[in-house]
There are 2 protein chains.
Amino acid sequence: MANIRDVAQKAGVSVATVSRYLNNKGYISEEAKRVISAAVEELNYRPSLVARSLNTKQAMFIGLIVPDIVNPFFPELARAIEDVALEYDYTVVLCNSDEKIEKEIHYLNTLQQKYVAGFIVAASHAETSHYTDLNVPIVAIDRRIHPSIPLVATDNREGARIGTEHLLANGCRKILCMKGPSGLGPADDRLMGFMDAVEGKDIEIEVVESPFQFDASESIARTILQQQSIDGIFASSDVSAAGAMKAAYSLGISVPDQLQIVGYDGTMLAGQLTPSLTTVAQDLYQIGALASRMLIKLIEGQELEEREIQIQAELIIRGTTRSGA
Amino acid sequence: MANIRDVAQKAGVSVATVSRYLNNKGYISEEAKRVISAAVEELNYRPSLVARSLNTKQAMFIGLIVPDIVNPFFPELARAIEDVALEYDYTVVLCNSDEKIEKEIHYLNTLQQKYVAGFIVAASHAETSHYTDLNVPIVAIDRRIHPSIPLVATDNREGARIGTEHLLANGCRKILCMKGPSGLGPADDRLMGFMDAVEGKDIEIEVVESPFQFDASESIARTILQQQSIDGIFASSDVSAAGAMKAAYSLGISVPDQLQIVGYDGTMLAGQLTPSLTTVAQDLYQIGALASRMLIKLIEGQELEEREIQIQAELIIRGTTRSGA
DNA sequence: TTGAAAGCGCTAACAG
DNA sequence: CTGTTAGCGCTTTCAA
């Protein structure tokens, strides 16, 4: 592999000039540009980004920390982040934390040793000093980490309200809310939105905590559906809704005739179920893209107009509620 | 941030000794170890991996190139790769190629400029010189890139045969094969496996090409189901199978009573559908993990016992075929 | 506009 | 067992 010295030599200029040429910095004569360009071409020269990083103390990559990329919620986010990163010549390092703070810390440390330019993180813990004490920029997605850390997320409370209203409008009188893990910001917000919608109305409600996992959600739903005559379910995630659909099916309860279901997230899964799932969709791609743009601004030392961006959720009416197909 | 010189100074030794200590190389007195360790501790010293890379010409990360992480086939693979990478202190860079050769080349180049240690790639093109001419190790997953490149993949032909046999055993007489994109290795292999199973048997078959996408698969399936009395579908992917389920549902065809369906891949989606999908499961996690281990061996200069690993596919019988629940 | 030279932080001979 | 020193390939003053 040719290095900058080879190029300088072949072009008959100094390495400093080549460096300036490479970075469009300082004055360079047209003549110099020409010869350098030719030399670069001829030697098929590619600058070592590592050597550059050693000087600038910054590598062109960003760390993405998510609980688990297998959770269908994250791939779209990751995709968006990568697309924007590519646009700015950054590269994305994928880190699965399993929600474990030790793993998060490990990545935070290791990547900083590699001069990571910044982080995008989906996490929430009581202890946040590892994030607030970082000396590279960071932006949070989906979950608030700390008031001082920029955030891009959906307006979950409002989204849940809209989803629940839809069930109400469709005539549901006894609604089950499968809320997400308590303590998890977005899940709590969605529960609030659910309560906002049912409050004061003459309907029965039942609230149960259910993880964002299919099997667990299915069995939780089955248990409740066996005991009570539920006619509507508001699930805090599409996966939970899918579990509920399965439970209803196995109990011979027809959806949407006897039971209507609304999910949350708007993942691909929702559209691929049969019947397809009515869901409160988050614009995952947009969340990822905005977070990525925000982080890059921070990395480049620009000011942020807004430190928190709320994306509106949108109700997508499909086959699991009656007004749908 | 403290550097190695600070540590050496504080410990009262030379940087060389500190370096040796850090890398467990060469002899170091217990006394030296003690003072260095103390200095490291005190200064909270973390070696710059970038400076190290500049010397060794190798950064501790591997590039993962997949068509699109949003495709549910890839997250599990990515997860496995990352898990193994973590075990060996490597970090994973996620690259979405959209099957575009220019994007693949872009990543290949950029990451090499960053001294990437190796690549794991899911791709297939006629032109393969960008891969074969690489000067870092590479292993292919899912699709064969070139005979010279190590591969980890499922035995697709055999898997498809097993899946189709299941339909046959369940009494299907008119089977539709929704094959994947032609030219794509695994899809072609699955078609062969399908043919292996039906060949010579007294049953009617229909073969149609269908991309690994839900909407397209749904409409393709709907068209055919309207025109012909199909009683079994072998789909080359779970997504296509999901599309077929939706089509059947909208046409009032009941699954599995009137129509039985077998998918392929064994993604999470298959288990979350209602009824849950009988599918030929690939052990995605294992493929990823093995590929990752293989690559790391290559990076470390070890020999590979096998350059091609075939994983057996496994039929998971569920609700879309009659012998299932 | 350009070049010489001093680093960035670490590794790896080589000499002791 | 340890230290000196010359790089790795690039950026960045500082002079010219």
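Per chain, numbering begins at 1; letters A, B, ... match sequence-line order.
- When each of D:dC10, C:dG9, D:dG9 is scored by its nearest atom to the side-chain atoms of B:Y115, the top-ranked nucleotide is D:dG9.
- Protein atom CD of A:Q113 is 19 Å distant from nucleotide atom P of C:dC8, rounded to whole Å.
- Distances shown here put a side-chain N or O of A:N3 below 4.0 Å from the OP1 or OP2 atom of D:dG9.
- The 5' end of DNA chain D is approached more closely, in terms of each residue's nearest nucleotide, by B:G12 than by the other of B:G12 and A:T56.
- Distances from the side chain of A:Y45 to the nucleotides D:dC10, D:dC8, C:dA5 place D:dC10 closest.
- Under the 3.5 Å distance criterion, the side-chain polar atoms of A:E104 are left unmatched by any main-chain donor or acceptor of A:S97.
- Atom CD of B:E303 has 12 or fewer neighbouring heavy atoms from other residues, nucleotides or ligands inside a 6.0 Å radius.
- Side-chain contact, A:T17 with A:S14: a donor N or O sits under 3.5 Å from an acceptor N or O.
- Rounded to whole Å, the distance from CE on A:M60 to C1' on D:dT11 is 15 Å.
- Between the P atom of D:dG9 and the CZ atom of A:R52 lies a distance of 14 Å, rounded to the nearest Å.
- For A:E82 (side chain) and B:N96 (main-chain N/O), a donor-acceptor pair under 3.5 Å exists by modelled atom type.
- Atom NZ of A:K103 sits in a crowded spot, with more than 12 heavy atoms from other residues, nucleotides or ligands closer than 6.0 Å.
- With distances taken from any side-chain atom of B:V15 to the nucleotides D:dT11, D:dT5, D:dG9, the minimum falls on D:dT5.
- The separation between B:N55 atom CG and D:dG7 atom P is 12 Å, rounded to whole Å.
- The residue A:V50 sits apart from the nucleic acid: no heavy atom pair falls under 4.0 Å.
- Distance B:Y21 OH to C:dC10 C1': 17 Å, rounded to the nearest Å.
- Within the 4.0 angstrom heavy-atom criterion, no nucleotide atom of any strand lies near B:V18.
- Phosphate contact (OP1/OP2 of D:dG9, side-chain N/O of B:K57, threshold under 4.0 Å): present.
- For B:L54, whose side chain is taken as the heavy atoms from C-beta onward, the closest listed nucleotide among C:dT11, C:dA4, D:dC8 is D:dC8.
- The 12-atom threshold is exceeded at CD of B:Q302, counting heavy atoms of other residues, nucleotides or ligands nearer than 6.0 Å.
- Atom CG in B:L43 sits about 15 Å away from atom C1' in C:dG9, given to the nearest Å.
- The neighbour count for B:Q112 CD, taken as heavy atoms of other residues, nucleotides or ligands under 6.0 Å away, is above 12.
- Below the 3.5 angstrom threshold, one finds a donor paired with an acceptor across the side chain of B:R20 and the base of D:dG3.
- Spacing between atom CD of A:Q112 and atom P of C:dG9 amounts to 15 Å, rounded to whole angstrom units.
- OP1 and OP2 of C:dT2 both lie 4.0 Å or more from every side-chain N or O belonging to A:S14.
- Dashed line: the shortest gap from a side-chain N or O of A:S48 to OP1 or OP2 of D:dG9 is not under 4.0 Å.
- Residues B:L108 and B:L134 have side chains in contact (heavy-atom distance under 4.5 Å, counting atoms from C-beta outward).
- Axis orientation changes by 40° from one end of the helix from C:dT1-D:dA16 to C:dG16-D:dC1 to the other, with each end axis drawn from 5 pairs and the value rounded to 10°.
- A donor-acceptor pair under 3.5 Å is formed between the side chain of A:Q113 and the backbone N or O of B:P47.
- With distances taken from any side-chain atom of B:R5 to the nucleotides D:dG9, C:dC8, D:dT2, the minimum falls on C:dC8.
- Contacts of residues 22-31 of chain B with DNA chain D (heavy atom under 4.0 Å): B:Y27, B:I28, B:S29.
- Distance CD (B:Q9) to P (C:dC10): 14 Å, rounded to an integer number of Å.
- Within a 6.0 Å radius of CE in B:M268, other residues, nucleotides and ligands contribute 12 heavy atoms or fewer.
- Annotation for B:R144: atom CZ does not count as buried by contact number, only 12 or fewer foreign heavy atoms lying within 6.0 Å.
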